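Everything quoted here is computed from the prediction, not taken from an experiment. Numbered from 1 within each chain, the chains take letters A, B, ... in sequence-line order.
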Amino acid sequence: MEAENSKGHFIETIIKEDVENNKNDGQVVTRFPPEPNGYLHIGHAKSICLNFKMAQKFNGRCNLRFDDSNPAKEKQVYIDSIESAVKWLGFEYGTPFYASDYFDRLYEFAVELIQKGKAYVCSLSADQTREYRGTLTEPGKNSPYRDRSVEENQDLFTRMKNGEFDEGEHILRAKIDMSSPNMNLRDPILYRVKKASHPRTGDKWCIYPMYDFTHCLSDSLEGVTHSLCSLEFEDHRPLYDWTLDELDTPCHPQQIEFARMNINYTVLSKRKLQRLVEKDHVQGWDDPRLPTLEGMRRRGYTSESIKKFCDIIGVSKKDSRIDMGLLESCLRDDLNEKAPRVMAVLKPLKVTIINYPDDLTEELMAKNHPQKEEMGTRSITFSKEIWVEQDDFMEDPPKKFFRLGPGREVRLRYAYLVTCTDVIKDEDGTVIELICTYDPETKGGNAPDGRKVKGTIHWVNANDCIDTKVKLYDRLFKDENPEKDKRDLVENLNPDSLQLLENCKLEKCRGELEAEHVVQFERLGYFCLDAKESTKGAPVINRTVTLRDAWAKLAKKNNPPRKNKQPKRKKRPQQK
RNA sequence: UGGGGCGUCGUCAAGUGGCAAGACACAGGGUUUUGAUCCCUGUAUUCAGAGGUUCGAAUCCUCUCGCCCCAGCCA
């Protein structure tokens, strides 16, 4: 599946044309400009990949620049987290840039605007400013302070900088057009007084520039050629251009907008994610159910699979809601290649092989990857008592069930063919143990007489295994679009998004379990250690993603979740 | 009802006047000691709708409809 978008999306087309026409001397410079006010999620990964890949493709560079012009919301922890996420994705950015590094220059630009009569200090209150701005359908009114002299503006702005005024007393605004149909052009605010300590500049400043003023100038100062951002900034482009046109700047980058990513059954907005975290609906920003990069990493997502996903979904201006299945498909694709196979039983059912010698333990050879010889083999032990998966036994199996049932023979992977001869139940009628016989002639799993056995199931040696807890994850929300209507997000939460299994049995593996080292539990899925919850001797394992499961699909088709019709089975079959 | 954007398969997405790519999903089949992987095969007479221009339209023109964004001293 090496489906690199060879044709290229519309942004690539624009950049390519610019390079061919020798615009910007054929140079390409992009930037990824996060505000350090939260953690990155997969939506940011799309922007990161886009910006870095465009730079790579055209032999340019991409800056990581923190858009840190609002000290009220920004923190060093976010800066650290963002840096680590970008590195994890595998992109090189050298030393990060900060909008705050340009505060002095930005101040000079503001003065330049004042001198040219293009900016003024406005002393309306916040409420008044809003009233004067008008509405979507009515034009705004000029501020009574709009015609202050250059000298007065200069004096006031200097005093704003010197901390002589309180927050809200004065703001610096661009003088554009209060009747513009574009709200962004109705004398937008350039600077406000904010007596907050900044994570990087400390208390040096008590006025801070607004996004529209900061962003375009930062781009220009860095020699950015293509400033890629999301669709909601389309309306800001005229202001981006106005600012750069009015000021004497190094260059005039081209802003190009693309659609943000949405994925079904999850949310991709910092605000909403924050709410889930703060209200304890999930266990922190790195909860493996979250689409945050930290959460996904902890869950076992590889950076390669995320990059692949971003590559496959493309870039356009259309609102989209991408199927979570596509993300998972990219993950499985990558993990299938790299994950060593191992056996583990999640919901154990004891099996006693009645004709197997009591004290014998045999060593059997198992492949670490069925298609990749180079990944080698390992030795696993086998004895009279083993664990198998509860789901691999049915007392009254339906037609196409190839697994264990009374009188049925299956292959224990890499071991022997066994036949179920007895079923032991407790007083409630729950099956608690299976008695089987094995065929000693079938060591390794092949029958010398050529008889074919359709089913192969996994198992774990009962007296030589590791007890673990395993966390299974499902989609965070019940609804495909949790943001639909104004309904409360929380009502939409899937109560079964996390399932903790306490009594899992893992094959005693040679390699130690490690965070971010994903292995495949055969027939179950991909799993990795949850370093955050594991303690010495008490591992906790995350299920990264399940395997594709044709049987589950078939079973569901033949026995669809009951509507109103009453089911006529005595017991609920226990498949997933 | 001001302004800005967007409508191509269930979901993404190519396509820019000359036979509607590809991926995921789905359906069928083959291989298989993972019901995994892998491999075949099928799946849009039609591009939001209606008119028009043209030998020829998803592509050009007109109108209509639907969806998203904008009234933070957030980014």
Side-chain angles (χ1 to χ4, degrees), chain A residues 1 3 5-9 13 33-35 37 67-70 72-74 122 124-126 129-131 133-140 167-168 170-173 180-186 189-194 208 210-212 214-215 229-238 257 259 261 264 270-271 312-330 332-333 336-337 341 343 366-367 369-371 400-403 411-415 417 444-446 453-458 520-525 546-555:
Chain A
M1 198 158 76
N5 251 341
S6 56
K7 314 236 172 70
H9 43 72
T13 305
E35 183 189 13
N37 68 343
D67 224 337
D68 56 348
S69 57
N70 183 5
K73 294 186 177 173
E74 296 150 8
C122 179
L124 252 21
S125 71
T129 304
R130 189 181 322 113
E131 283 163 28
R133 188 149 38 217
T135 68
L136 295 180
T137 50
E138 302 158 39
E167 292 185 14
H170 305 286
I171 50 179
L172 183 73
R173 304 177 72 172
S180 171
N182 182 343
M183 302 291 288
N184 295 302
L185 264 19
R186 319 244 261 228
I189 299 171
L190 267 22
Y191 265 91
R192 76 286 212 192
V193 174
K194 216 174 242 292
Y208 290 92
M210 297 287 286
Y211 165 84
D212 286 304
T214 310
H215 203 91
C229 63
S230 45
L231 244 33
E232 69 266 32
F233 291 102
E234 213 148 16
D235 285 345
H236 293 243
R237 183 163 15 104
E257 310 84 9
M261 165 200 301
N264 60 13
K270 271 190 202 168
R271 220 195 83 245
I312 279 179
I313 59 169
V315 179
S316 76
K317 300 186 75 161
K318 195 173 73 171
D319 290 328
S320 67
R321 171 155 253 103
I322 298 158
D323 194 335
M324 177 71 86
L326 182 58
L327 213 208
E328 292 179 338
S329 161
C330 293
R332 289 191 185 105
D333 221 50
N336 177 48
E337 294 290 315
R341 318 281 130 129
M343 288 200 285
K367 291 180 179 176
H369 192 296
Q371 282 86 29
K400 295 268 185 70
F401 189 79
F402 306 144
R403 283 111 99 151
R411 174 167 33 240
L412 294 175
R413 175 143 242 231
Y414 298 125
L417 300 184
N446 291 307
V453 174
K454 185 79 176 159
T456 299
I457 65 174
H458 59 277
Q520 185 193 102
F521 289 176
E522 293 211 42
R523 301 210 309 134
L524 295 173
T546 62
L547 252 28
R548 215 178 260 117
D549 191 345
W551 166 246
K553 210 186 286 176
L554 218 202

*Asks:* For B:A23 and B:U59, measure between their P atoms and round to the nearest Å.
*Replies:* 26 Å
*Asks:* Salt-bridge test for A:Lys317 and A:Glu234: reply yes if a basic N is under 4.0 Å from a carboxylate O, no otherwise.
*Replies:* yes
*Asks:* Give a yes/no on whether any side-chain N or O of A:Arg523 is located under 4.0 angstrom from OP1 or OP2 of B:G35.
*Replies:* yes
*Asks:* For A:Lys194, look at atom NZ and say whether over 12 heavy atoms of other residues, nucleotides or ligands are found less than 6.0 Å away.
*Replies:* yes
*Asks:* Closest to the A:Ile312 side chain: B:C12, B:A23, B:U1?
*Replies:* B:A23
*Asks:* Heavy atoms, side chains only, cut-off 4.5 Å: are A:Leu190 and A:Met210 in contact?
*Replies:*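 SC-SC contact between A:Leu190 and A:Met210 ruled out.
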*Asks:* Donor-acceptor pair under 3.5 Å: do we get one between A:Arg403's side chain and the base of B:G35?
*Replies:*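 Such a pair is found, so the answer is yes.
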*Asks:* Let's see if you can work this out: which of B:A71, B:U34, B:C68 has an atom nearest to the side-chain heavy atoms of A:Pro370?
*Replies:* B:U34
*Asks:* With both distances kept under 3.5 Å, what pairs with B:G2, Watson-Crick or G-U wobble?
*Replies:* B:C70
*Asks:* Could you pick out which residue, A:Gln520 or A:Ile322, lies toward the 5' side of RNA chain B when each is mapped onto its nearest nucleotide?
*Replies:*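 Result: A:Ile322.
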*Asks:* Taking the P atom in each of B:C40 and B:C24, what is the distance between them to the nearest angstrom?
*Replies:*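 Comparing P positions in B:C40 and B:C24 gives a spacing of 12 Å.
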*Asks:* Looking only at side-chain N and O atoms, does A:Lys318 come under 4.0 Å of OP1 or OP2 in B:U8?
*Replies:*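 Affirmative; the distance criterion is met.
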*Asks:* Could you measure between the two P atoms, the one in B:A13 and the one in B:A48, and give it in whole Å?
*Replies:* 14 Å
*Asks:* In terms of side-chain heavy atoms of A:Phe233, which of B:G5, B:A75, B:C70 is nearest?
*Replies:* B:A75
*Asks:* Between A:Ser316 and B:A13, does any side-chain N or O lie under 4.0 Å from OP1 or OP2?
*Replies:* yes
*Asks:* Can you check whether A:Arg133 has a side-chain N or O nearer than 4.0 Å to OP1 or OP2 of B:C73?
*Replies:* yes
*Asks:* Contact class for A:Thr214 (heavy atom, under 4.0 Å): base, sugar-phosphate, or nothing?
*Replies:*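 No contact.
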*Asks:* Should the side chain of A:Asp235 and the base of B:G3 be counted as holding a donor-acceptor pair, with the cut-off at 3.5 Å?
*Replies:* yes
*Asks:* On RNA chain B, compare the nucleotides closest to A:Tyr211 and A:Lys317; which residue's is nearer the 5' end?
*Replies:*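 With A:Tyr211 and A:Lys317 compared, the 5'-side residue is A:Lys317.
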*Asks:* Is there a side-chain polar atom (N or O) of A:Ser320 under 4.0 Å from OP1 or OP2 of B:U11?
*Replies:* no
*Asks:* With hydrogens left out and only the distance checked, is there a donor-acceptor pair under 3.5 Å joining A:Gln371's side chain and the base of B:A36?
*Replies:*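 By the distance-only test, yes, there is a pair.
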*Asks:* What integer number of Å spans the C1' atoms of B:U53 and B:A14?
*Replies:*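 The answer is 26 Å between these two C1' atoms.
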*Asks:* Nearest to the side chain of A:Ala550 - B:C74, B:C12, B:G35?
*Replies:* B:G35
*Asks:* Please state whether the phosphate of B:G72, meaning OP1 or OP2, lies under 4.0 angstrom from any side-chain nitrogen or oxygen of A:Arg186.
*Replies:*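 So the side-chain polar atoms of A:Arg186 never come under 4.0 Å of the phosphate oxygens OP1 or OP2 of B:G72.
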*Asks:* Name the closest nucleotide to the A:Thr135 side chain, picking from B:A36, B:G2, B:A71.
*Replies:* B:A71
*Asks:* Is the shortest side-chain N/O distance from A:Arg192 to OP1 or OP2 of B:C74 below 4.0 Å?
*Replies:*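 For B:C74, OP1 or OP2 has a side-chain N or O of A:Arg192 closer than 4.0 Å.
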*Asks:* What's the gap between B:A44 and B:G4 when it is taken at their P atoms, as a whole Å value?
*Replies:*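 Roughly 38 Å separates the two P atoms.
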*Asks:* Measure from the side-chain heavy atoms of A:Asn70 and tell me the nearest of B:G5, B:A75, B:C73.
*Replies:*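 Nearest nucleotide to the side chain: B:A75.
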*Asks:* How long is the span from the NZ atom in A:Lys454 to the CZ atom in A:Arg411, to the nearest 0.5 Å?
*Replies:* 10.5 Å
*Asks:* What's the gap between B:A58 and B:U46 when it is taken at their P atoms, as a whole Å value?
*Replies:*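 My reading of the P atoms in B:A58 and B:U46 gives 11 Å.
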*Asks:* Distance check, rounded to the nearest 0.5 Å: A:Thr546 atom OG1 versus A:Glu328 atom CD?
*Replies:*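 The OG1 atom of A:Thr546 sits 6.5 Å away from the CD atom of A:Glu328.
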*Asks:* OP1 or OP2 of B:U32 versus the side-chain N and O atoms of A:Lys454: is any pair under 4.0 Å?
*Replies:*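 So the side-chain polar atoms of A:Lys454 never come under 4.0 Å of the phosphate oxygens OP1 or OP2 of B:U32.
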*Asks:* From the set B:G2, B:U11, B:G4, return the single nucleotide nearest to any side-chain atom of A:Glu234.
*Replies:*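 Of the candidates, B:G4 comes closest.
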*Asks:* Which base, if any, makes a Watson-Crick or G-U wobble pair with B:G17, both distances under 3.5 Å?
*Replies:* none
*Asks:* Should A:His215 and A:Phe233 count as side-chain neighbours, where that means a heavy-atom distance under 4.5 Å?
*Replies:*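 In short, these two side chains do not touch, never coming nearer than 4.5 Å.
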*Asks:* Searching all strands shown, indicate the nucleotide that pairs with B:C63 (Watson-Crick or G-U wobble; both distances under 3.5 Å).
*Replies:*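 Base partner found: B:G49.
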*Asks:* Please pick, from B:A75, B:G35, B:U34, the nucleotide with the shortest atom-to-atom distance to any side-chain atom of A:Arg413.
*Replies:*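 Of all the options, the side chain of A:Arg413 is nearest to B:U34.
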*Asks:* How far, in whole Å, is B:G17 from B:U41 if one measures between their C1' atoms?
*Replies:* 34 Å
*Asks:* Counting only Watson-Crick or G-U wobble pairs whose two distances fall under 3.5 Å, which nucleotide matches B:C26?
*Replies:* B:G42
*Asks:* Which value, in whole Å, describes the distance between the C1' atoms of nucleotides B:U43 and B:A50?
*Replies:* 29 Å
*Asks:* Using a cut-off of strictly less than 4.0 Å, decide whether A:Arg130 has a side-chain nitrogen or oxygen near OP1 or OP2 of B:G72.
*Replies:* yes
*Asks:* Please round to the nearest 0.5 Å and tell me the distance separating atom NZ of A:Lys367 and atom OH of A:Tyr414.
*Replies:*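 The NZ atom of A:Lys367 sits 6.5 Å away from the OH atom of A:Tyr414.
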*Asks:* Hey, what do you get for OG1 (A:Thr129) to CD1 (A:Ile171), rounding to the nearest 0.5 Å?
*Replies:*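 Output value for this atom pair is 4.5 Å.
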*Asks:* Tell me whether the side-chain N/O atoms of A:Lys553 come closer than 4.0 Å to OP1 or OP2 in B:C26.
*Replies:*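 A:Lys553 to B:C26 OP1/OP2: side-chain N or O found under 4.0 Å.
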